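Quick notes on the structure that follows.
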Protein chains: 2
Amino acid sequence: MSTQRSYRQHCGLARALDVLGERWSLLILRELLLGPRRYGDLAADLPGIGTNLLATRLRSLEEAGVLRRTTLPAPANVPVYELTERGEGLRPVLEELALWGYDLLPAEPAGEVATRASWAAMTMGAVLDRTDTTGLEGTFAFSVGDELFYVTVADDAARVHQGVPPAAEAHATTDPATFFAIADGRLSPRQAMRDGLLVVDGDRRLLGRLLAGFHLPARAAA
Amino acid sequence: MSTQRSYRQHCGLARALDVLGERWSLLILRELLLGPRRYGDLAADLPGIGTNLLATRLRSLEEAGVLRRTTLPAPANVPVYELTERGEGLRPVLEELALWGYDLLPAEPAGEVATRASWAAMTMGAVLDRTDTTGLEGTFAFSVGDELFYVTVADDAARVHQGVPPAAEAHATTDPATFFAIADGRLSPRQAMRDGLLVVDGDRRLLGRLLAGFHLPARAAA
DNA sequence: CGGAATCCTCTTCGATACTG
DNA sequence: CAGTATCGAAGAGGATTCCG
């Protein structure tokens, strides 16, 4: 079938791009960085991809050993796609590239642009992952609109996962507008709580400390 | 002209891919990581690109502020393309991605595959850049077949540049086969010198120490 | 109903030829 | 030397249909 288009260069970068360089591939992997996902959820979170192209990309990424198709343990028993270890190895690359691109992003979403709190959270996770997190260890759940995700801070890795954690030090509930306002520093968590826009269950102090590091990057001067 | 195809997602990664995600773009930037290049040289080092596509990419990358078109100072006075600071900011991303892809590369170039010592050198530079280089500071020139490049090791940055350095601690001359054999550890520099396959001018000891760190990455087990 | 394969149109790519 | 013009081939996007 696929003629396997290739740059035909004996070079690591060219080889990486042979595998990852086609349209949508890295965005599929971005979604999987948040955890295993179902086909339909991937399609929903990648508006515009078209179901045929999603299937094609998933197949070629699976062939390349970057992701695998598997089945969630009972009682879920649903088929999902998840990163392999090789795919997980792309996390630093995708985080760096996201941070680089964040600087090119307009301050406000303009026009018909899809927005997800979890995309911002991934960028925030990249920031947190590059700072000292001692004393912040724990799990922090977020409900933002209809999105559910959580942040885990361990020894020296910070990760954002989609879904609901088994347990958490704190659970924050808010709406997207408030979430983004806090994330880029326009609103303090303290003020948001006072106004009833941010509701926190659990360890408020620790969540407050988390939010000091879990935010969008400073933007370069225009 | 170009409808500026975009993923239309308010996400750093998606934005980065809007700018860099099209075919050939990152390979053009790879070439520019080695220094300013002329249009014709880019075309020659990217076999298969097609001159129209090269022109289109250069234009859009210039518009994105990743590279600029400029003129080399007299007496050269030739037009070249070079990275902007924003483009230079992609170096860590490209190095990480190249290291990731290097692992997928077959041990031997198979079939009709272009090979350049400078591509390997870039990967080797990425390795060197991630190790401690104290005591290795200096400039080291290489002539490999018809390729000329040099490695600079400063405080804690190692870089590979195309061309001839103003001055160097040592100058190594060899053929591609010997260079690759040394680079991936199949041949010791010492042995290559004894066999007359590697000729070194200047500080042999320091060059020998450089080559201890300037090599291709260890390959993951198959 | 979720997970794809098919079909059709439009855009992009690749190769060569051509021009200032 | 540094690009632009052109054109057939391949890829992407969208809707619909098929399969379990």
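Quick caveat, the model's predicted, so the values are computed rather than measured. Quick note on labels: first sequence line is chain A, next is B, and so on, each numbered from 1.
For dG2(C), the OP1/OP2 oxygens have no side-chain nitrogen or oxygen of Tyr81(A) closer than 4.0 Å. For dA2(D), the OP1/OP2 oxygens have no side-chain nitrogen or oxygen of Arg69(B) closer than 4.0 Å. Put simply, Trp24(B) has a side-chain N or O that comes within less than 4.0 Å of OP1 or OP2 on dG14(C). The shortest distance between the side-chain N/O atoms of Arg59(A) and the OP1/OP2 oxygens of dA4(C) is not below 4.0 Å. Side-chain nitrogen and oxygen atoms of Arg23(B) include at least one within less than 4.0 Å of the OP1 or OP2 phosphate oxygen of dG14(C). At the phosphate of dC13(C), OP1 or OP2 sits under 4.0 Å from a side-chain N or O atom of Arg57(B).
Distance CG (Leu72(B)) to C1' (dC1(D)): 15 Å, rounded to an integer number of Å. When the C1' atom of dG13(D) is taken as reference, atom CD of Glu112(A) falls 16 Å away, rounded to whole Å. Between the CZ atom of Arg37(B) and the P atom of dC1(D) there is a distance of 15 Å, rounded to whole Å. When the P atom of dG14(C) is taken as reference, atom OH of Tyr7(A) falls 7 Å away, rounded to whole Å. In this structure, Asn77(A) places its CG atom 21 Å from P of dC1(C), rounding to the nearest Å. Put simply, CD1 on Ile28(A) is 14 Å from C1' on dG3(C), counting in whole angstrom units. Whole-Å rounding puts the Glu22(A) CD to dG13(D) P distance at 11 Å. Rounded to whole Å, the distance from CG on Leu54(B) to P on dT4(D) is 10 Å.
The number of heavy atoms from other shown groups lying within 6.0 Å of CZ (Arg8(A)) does not exceed 12. Around the CG atom of Asp146(B), the shell of radius 6.0 Å holds no more than 12 heavy atoms that belong to other residues, nucleotides or ligands.
Here the CG-CG distance, from Leu187(A) to Leu197(A), works out to 7.0 Å after rounding to the nearest 0.5 Å. Residue Leu211(A) holds its CG atom at 7.0 Å from CE of Met124(A), rounded to the nearest 0.5 Å.
Comparing dG3(C), dG3(D), dA5(C) against the side chain of Arg38(A) picks out dG3(C) as the nearest.
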(request) Take Arg15(A) and Tyr7(A), measure what side chain to side chain donor-acceptor pair (under 3.5 Å) needs, and give me the verdict at the end. (result) CA-CA 8 Å; Arg15(A) 184 80 188 93; Tyr7(A) 288 111; over 6 Å; no

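In this structure the side chain of Glu62(B) reaches within 4.5 angstrom of the side chain of Leu67(B), judged on heavy atoms. Counting heavy atoms from C-beta outward, Leu216(B) and Val127(B) have side chains that stay 4.5 Å or more apart.
Put simply, the residue from Gln162(B), Glu31(B), Glu147(B) that forms a side-chain hydrogen bond (donor to acceptor under 3.5 Å, both in side chains) with Ser118(B) is Glu147(B).
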(request) Dot-bracket for DNA chain C, please, read 5' to 3', with Watson-Crick or G-U wobble pairs under 3.5 Å on both distances, ( ) within the strand, [ ] crossing, | other strand, . unpaired. (result) |||||||||||||||||||.

(request) Sugar-phosphate atoms are those with a prime plus P, OP1 and OP2; base atoms are the rest. Using that split, label each nucleotide of nucleotides 15-20 of chain C B, S or - for protein heavy atoms under 4.0 Å, 5' to 3'. (result) BBB---

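Taking the six-membered ring where the residue is Trp, Phe214(A) and Phe142(A) present tilted rings, their angle falling between 30° and 60°. Using cut-offs of 30° and 60° for the angle between ring planes, the Phe179(B) and Phe149(B) rings count as perpendicular.
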